[in-house]
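Proteins get letters first, then strands, A, B, ... in listed order; numbering begins at 1 in each.
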Amino acid sequence: MSRVLSVSQAINEALTIAMETDPDVILLGEDVAGGGTRSGDDVEEAGGVLGTTKGLVTKFGPDRVLDTPISEMGLIGTAVGAAATGLRPVAELMFIDFLGTCLDPLLNQAAKLRYMFGGKVRVPLTVRTVTGAGMQAAAQHSQSLYWMTAGIPGLKTVIPSNAADAKGLLLAAIRDDDPVIFCEPKRILFQAGEVPEGDYEVPIGEAAVVREGSDVSLIGMGATVATALEAAELLAAEGKSAEVLDLRSLAPLDEDAILATLEKTGTVVVVDESTPRCGIASDVAALCVDRGFDFLNAPVKRVTAPHAPVPYNKALEDAYIPSVARVIEAVRECGI
Amino acid sequence: MSRVLSVSQAINEALTIAMETDPDVILLGEDVAGGGTRSGDDVEEAGGVLGTTKGLVTKFGPDRVLDTPISEMGLIGTAVGAAATGLRPVAELMFIDFLGTCLDPLLNQAAKLRYMFGGKVRVPLTVRTVTGAGMQAAAQHSQSLYWMTAGIPGLKTVIPSNAADAKGLLLAAIRDDDPVIFCEPKRILFQAGEVPEGDYEVPIGEAAVVREGSDVSLIGMGATVATALEAAELLAAEGKSAEVLDLRSLAPLDEDAILATLEKTGTVVVVDESTPRCGIASDVAALCVDRGFDFLNAPVKRVTAPHAPVPYNKALEDAYIPSVARVIEAVRECGI
Amino acid sequence: MDLTREELLEAYRTLRMIRAFEEKLNELVTAGKMGGFLHLYIGEEAVATGVCSHLGVRDWVASTHRGHGHCIAKGVDIRAMMAELFGRATGTSRGKGGSMHIADVQQGMLGANGIVGAGIPLATGAALSAKLKGTGGVAVAFFGDGATNQGQFHESLNMAANWKLPVVYVVENNGYGEFTPTDFVVPVKDIATRAGSYAMRSEIADGMDFFDVYEKAGEAIRRARAGEGPTLLECKTYRFAGHFVGDPLAYRAKEEAEDWIQNRDPLARFEGQVLEAALVEADDLRRIDHDVEEELAAAVVDAEAAPPPGLEELLTDVYARGES
Amino acid sequence: MDLTREELLEAYRTLRMIRAFEEKLNELVTAGKMGGFLHLYIGEEAVATGVCSHLGVRDWVASTHRGHGHCIAKGVDIRAMMAELFGRATGTSRGKGGSMHIADVQQGMLGANGIVGAGIPLATGAALSAKLKGTGGVAVAFFGDGATNQGQFHESLNMAANWKLPVVYVVENNGYGEFTPTDFVVPVKDIATRAGSYAMRSEIADGMDFFDVYEKAGEAIRRARAGEGPTLLECKTYRFAGHFVGDPLAYRAKEEAEDWIQNRDPLARFEGQVLEAALVEADDLRRIDHDVEEELAAAVVDAEAAPPPGLEELLTDVYARGES
Ligand SMILES: Cc1ncc(C[n+]2csc(CCOP(=O)(O)OP(=O)(O)O)c2C)c(N)n1
Ligand SMILES: Cc1ncc(C[n+]2csc(CCOP(=O)(O)OP(=O)(O)O)c2C)c(N)n1
Ligand SMILES: [Mg+2]
Ligand SMILES: [Mg+2]
């Protein structure tokens with residue numbers, strides 16, 4: 001059985017299930033309850049700056065849904081400490097742009113404690129965070145910094161492209177014994193899709209072929225999966241068959257799935273909303289030219305944001321985000 | 001005229017020249033003076049935890065060589081503010097591992113102010129920072145996190161492989177009107193080399209061919225340039241000719257130099273001390289399989305650290321760092 | 001009180017301009033004519049105005065996500081601000097920054113800032129510049145109560161205190177950080193108390209009263225200029241509107257807001273004070289109201305007519321190289 | 001004073017073990033038999049010992065780069081510690097962590113930490129766990145004076161105060177952060193003052209006096225366990241050796257160090273106190289000295305004989321997956 005829910009609602013549902021099934025799961029973050037717990041007849045809680053956690057403090061109480069100060073370093077560090085000592089915290093980093101104010105607890109603590117302690121600790125922490133451009137929120141509220149967390153050994157990073165995966169990936173993330181960064185792409189947060197009822201997980205580390213094809217592989221993640229699918233549709237109209245792979249997990253990367261689609265089509269275009277340097281697109285390309293070398297029929301093209309901050313002006317912002325047209329153009333450059 | 005100096009001494013000399021030639025250049029960081037400015041007959045300043053800035057506070061006074069509290073966020077943020085308002089600060093981030101405690105002022109301020117302000121400000125900031133493994137300093141004091149700064153639009157990142165370049169690159173960095181991260185690889189900091197006297201700059205954005213060759217291109221940076229050169233020597237003994245490219249600048253990347261050596265040899269092995277995901281090695285490989293596709297004779301191999309934190313045990317740490325043997329093995333895998 | 005009639009009228013003009021500018025923005029966003037995340041300063045005008053009345057172009061200001069008021073009070077051209085909010089090439093940031101990044105370094109305005117707390121070290125650095133370069137300038141950081149829970153606040157104030165920098169830290173305590181009441185997350189009654197961690201001077205002002213802010217900020221700025229070091233100045237205030245335009249305000253009691261709006265409006269307060277003391281005439285104020293409206297209307301017309309940045313602007317201004 | 005003879009002997013044993021353990025390390029590193037960056041705790045033993053005497057396994061400790069003393073006082077096996085420092089598979093971290101990452105989560109020791117200030121939120125999180133899970137446990141963060149200039153200190157103390165967490169923040173004020181004197185970078189005389197920013201209780205102890213630390217820590221821990229919230233406990237102390245093994249100590253005056261070492265040694269002080277009060281016999285102490293030496297000698301022999309981790313260990317323990 002499934003219903004139509006937005007990605008945001010699917011996340012709310014996953015949180016509800018996780019908290020119902022495990023008393024050690026707690027939420028903490030800025031405004032995750034949202035003030036209203038204070039009292040008063042005409043006040044109610046906000047449930048997060050985008051409303052994603054609405055209702056949870058009412059259901060689970062302020063001991064398990066904690067409004068924190070605007071102290072990312074402190075709150076993520078506290079969540080790491082809680083995770084190492086028996087809780088299974090889900091911390092909210094309002095926007096991934098704020099990684100700059102809480103990198104150390106992720107980079108040097110969550111990611112490394114297990115290794116540094118010779119395997120003698122677990123850090124079952126989940127960090128939910130909103131990513132990406134598209135709402136004219138400008139340079140400090142629009143980044144796709146998942147490459148930074150994906151590059152850190154000891155962390156996992158996932159990003160859903162639809163509501164059903166959002167629910168299943170988040171449940172998997174929360175129940176994972178390692179720290180997982182769960183990305184919520186702004187542009188799809190309020191997009192609706194079929195979501196199965198009940199408790200299920202989408203395994204971390206598995207990409208999904210969301211459209212089969214044979215001439216070219218379009219590889220996307222988060223909001224760019226829809227871009228890739230649109231491009232595939234246009235290509236189909238010209239009789240060209242594009243396969244679309246949704247990475248879903250950025251770390252670990254599903255190398256087998258990438259190599260499998262490359263083997264099938266010989267041509268890969270990666271579509272990534274992030275900036276071009278040191279990103280997921282480069283990793284996919286590097287994998288193709290290493291283990292996939294013998295399958296390559298064409299250059300591996302990367303359709304990414306430019307090496308620039310995100311601009312405010314709407315037309316510039318639109319030009320900043322990988323478009324269907326740029327995907328098609330990249331496919332052409334591969335000789336298809 | 002040149003003399004033999006260590007990389008650390010070459011850096012000290014560059015700082016001296018920069019401060020002598022421009023009164024707006026100041027140094028700030030933890031222990032860059034090193035306490036001794038207090039007074040006392042039998043006390044003297046330490047000049048940085050590794051002694052690199054020794055003597056500068058004596059020469060330029062405590063107004064221009066400032067010991068800061070252990071407050072990376074505050075000190076780097078302050079340096080950004082100073083840079084935007086007329087000074088040309090050289091801030092020391094003792095080890096690049098501490099990026100976790102000061103990312104925001106680099107990611108969201110230094111790197112973006114100019115863009116966010118429509119080009120109407122300059123941020124001539126230099127951040128000196130020690131990178132890399134090799135001294136059993138373990139997981140939180142041995143990282144090569146330059147991929148994180150190289151990936152951020154608006155920042156530049158450079159890393160010298162020898163004392164002469166260290167001096168020239170640092171002078172160029174300080175005089176650059178953009179924020180530059182200057183990496184000081186631990187393993188070579190006390191290695192000596194010929195250093196020209198006087199004032200000179202090594203331009204940012206230019207790689208250097210440090211050994212000519214025709215069969216395979218070994219691309220290194222910082223301490224791995226020596227590894228590549230050693231490997232080239234061994235290959236030469238078998239009659240195989242390896243070209244060695246020293247990237248020197250990680251952002252901007254000298255794409256032309258990379259493509260030129262690829263065109264010459266058809267085969268590239270990148271040697272990078274950093275972890276494998278979202279790194280410089282992936283970017284080089286991705287460039288090769290995109291713009292360099294037609295030149296490729298073999299897979300592009302990346303010899304990097306594993307996707308793991310840096311271990312303490314000496315034998316494990318040695319195995320962690322890219323070795324000459326692993327470079328040779330990668331060359332073999334390319335069929336050479 | 002040492003303000004001349006001209007200075008009073010200038011102060012009123014600033015108060016009114018901030019109010020009217022933001023009412024206009026609210027209108028434009030609600031009508032779908034303007035995009036972006038906007039945080040309105042309405043209700044807090046006396047703080048920016050009272051502080052910035054003491055500043056000149058050699059002085060620096062670093063601001064926040066709620067930055068329009070600080071920019072206007074620091075003398076940023078409102079036409080360029082309006083154009084920026086419309087994303088035009090004639091904007092302060094050529095349309096590339098938007099509300100949270102309005103800046104004018106020439107004017108000593110180091111920018112609004114989308115990162116809570118991030119302006120605090122920027123102002124600290126500006127104060128270091130002013131001190132080392134001997135310009136006689138001071139720096140002011142404006143920030144919210146919520147920002148005092150950021151590490152950047154702590155680290156910066158400590159450095160400034162150690163180095164006796166010419167800087168004033170102005171905390172605008174409006175009782176909320178987004179939707180969370182301040183008393184949920186700040187366990188001291190007065191944020192000014194936090195200066196004690198740095199042996200720093202502190203002061204509390206009624207942020208709804210221009211004159212109280214003016215006086216206390218004046219003293220802090222005087223001390224900073226005289227080399228006597230930094231001050232933490234807490235201004236108790238309230239934001240009349242939501243956290244951002246579109247905030248349904250479910251989390252705060254209507255009576256609480258009504259009380260502030262009805263009884264403590266800083267513009268009404270100022271007007272009452274100056275009229276009662278017969279320092280200016282009501283007509284003077286009405287003329288300013290009118291001028292401000294005209295100026296704003298013209299700014300909107302100009303902004304709407306101005307060209308957007310060209311698409312090549314996507315890639316310019318990332319680096320200075322080649323442009324300097 | 002409520003300590004039994006057994007408890008006093010146990011405390012002395014801990015003091016002596018920390019001292020002897022580190023003297024041994026100093027010897028080994030200086031002789032080139034041990035690598036890594038080592039930060040010695042010698043001189044500060046009374047702090048870890050006085051605090052940890054109140055803790056059991058359900059209680060948590062987060063430590064620093066200068067962590068050996070905290071680990072020993074919290075009951076981490078010294079043989080496993082020694083093996084770790086030799087990088088052996090039998091070490092606390094199987095040889096992969098080294099001095100700055102010795103930990104024993106089973107024993108409630110959340111690790112030494114190479115990042116200044118980073119243990120503070122870890123302890124805060126442990127206190128949150130203890131509170132929500134109702135274990136009755138408390139958490140203690142040890143950190144230096146220098147660490148109180150980190151944002152993590154500020155943010156964590158604020159959260160703990162808001163949430164009344166069962167945690168004690170123990171600042172070991174040894175007068176220096178690396179080479180920089182504390183009064184260069186901390187403008188308040190007593191770091192305890194900083195509790196005022198969070199309306200938190202604070203206390204100052206003589207960190208060279210086991211009994212003073214014991215008493216004040218006991219009270220803070222009692223309050224934490226009783227749900228009365230956190231305390232900032234400042235212990236005034238001094239590190240007898242350099243910042244790290246190999247530090248030439250050029251930056252501090254020899255007389256200053258001599259004075260502390262000659263006149264305020266916490267072991268000598270303890271011995272004087274217990275002998276004078278005739279609580280134990282000198283022989284008891286000498287027996288402990290002897291036992292400790294033997295135990296340490298054996299630990300070194302064992303560690304040297306133990307196998308290193310296999311090369312496959314390079315890649316294990318990065319993730320729990322597949323191992324759980
Ligand atoms: C580092 C960081 N964390 C969180 C946010 C999201 N955010 C924007 S404004 C705000 C509230 C700020 O509160 P306060 O400092 O009191 O200023 P006010 O909005 O009340 O003027 C928050 C949490 C942010 N922009 N930056
Ligand atoms: C975030 C961070 N900054 C800097 C360092 C380098 N460092 C290691 S120990 C130390 C001094 C710490 O001083 P304090 O907190 O007083 O502790 P003490 O060494 O005196 O015990 C510094 C600066 C670090 N490890 N982490
Ligand atoms: Mg506020
Ligand atoms: Mg200290």
Quick check on C/Glu84 against chain B: is it the side chain, the backbone, both or neither that has a heavy atom closer than 4.5 Å? neither
Just verifying a value: how many Å separate C/Gln150 CD and B/Asp104 CG, rounded to the nearest 0.5 Å? 8.0 Å
Which bit of C/Asp104 is near chain B, if near means a heavy-atom gap under 4.5 Å: side chain, backbone, both or neither? neither
Chain C contact via B/Ile152 - which portion, at a heavy-atom distance below 4.5 Å: backbone
Indicate yes or no for a side-chain donor-acceptor contact from B/Lys120 to the backbone of C/Thr92 under 3.5 Å, with no hydrogens or angles considered. yes
Working to the nearest 0.5 angstrom, can you tell me the gap between B/Leu113 CG and C/Asn113 CG? 7.5 Å
Quick check: do B/Thr78 and C/Glu155 have side-chain heavy atoms less than 4.5 Å from each other? no
So what's closer than 4.5 Å to chain C heavy atoms on B/Ala84: side chain, backbone, both or neither? both
What's the separation between atom OG1 in C/Thr316 and atom CZ in B/Arg114, rounded to the nearest 0.5 Å? 9.0 Å
Determine the minimum heavy-atom distance between B/Asp177 and C/Ala320, stating which atoms define it. CB-CB, 3.8 Å
When only pairs under 4.5 Å are counted, which of C/Leu165, C/Ile115, C/Val105 shares the most heavy-atom pairs with chain B? C/Ile115
Ignoring hydrogens, what is the shortest heavy-atom contact between B/Pro69 and C/Asn158? Give both atom names and the distance. CG-ND2, 3.6 Å
From SG (B/Cys102) to CD (C/Gln152), nearest 0.5 Å: 10.0 Å
Quick one: does C/Leu315's side chain get under 4.5 Å of B/Tyr115's, heavy atoms only? no
Please say whether more than 12 non-hydrogen atoms of neighbouring residues, nucleotides or ligands are located less than 6.0 Å from CZ in B/Arg64. yes
Looking at chain C, which one of B/Val123, B/Thr101, B/Val121, B/Leu66 has the largest number of heavy-atom pairs inside 4.5 Å, strictly under? B/Leu66
Could you tell me which portion of B/Ile76 (side chain, backbone, both or neither) has an atom closer than 4.5 angstrom to a non-hydrogen atom of chain C? neither
Output the option from C/Leu110, C/Asn162, C/Leu157 having the highest count of non-hydrogen pairs under 4.5 Å with chain B. C/Leu110
Measure distances from B/Asp63 to the heavy atoms of chain C and classify the residue's part below 4.5 Å as side chain, backbone, both or neither. both
Can you tell me if CZ on B/Arg88 sees more than 12 non-hydrogen neighbours from other groups inside 6.0 Å? yes
Quick one: closest heavy-atom pair of B/Leu75 and C/Met159, and the distance? N-SD, 3.7 Å
Applying a heavy-atom distance below 4.5 Å, give me the residues of residues 96-103 of chain C that approach chain B, sorted by number. C/Lys96, C/Gly97, C/His101, C/Ala103
Contacting region of B/Asp176 [heavy-atom separation from chain C under 4.5 Å]: neither
Provide the closest heavy-atom pair for B/Asp178 versus C/Tyr319 in the form atom of the first, atom of the second, distance. OD2-CB, 3.3 Å
Proximal component of B/Pro179, with respect to chain C [non-hydrogen, under 4.5 Å]: neither
Quick check on the structure: residues of residues 116-133 of chain C within a heavy-atom distance below 4.5 Å of chain B, by number. C/Ala118, C/Pro121, C/Leu122, C/Thr124, C/Gly125, C/Ala126, C/Leu128, C/Ser129, C/Leu132, C/Lys133
Counting only heavy atoms from other residues, nucleotides and ligands, does the tally under 6.0 Å from CD of C/Gln106 exceed 12? no
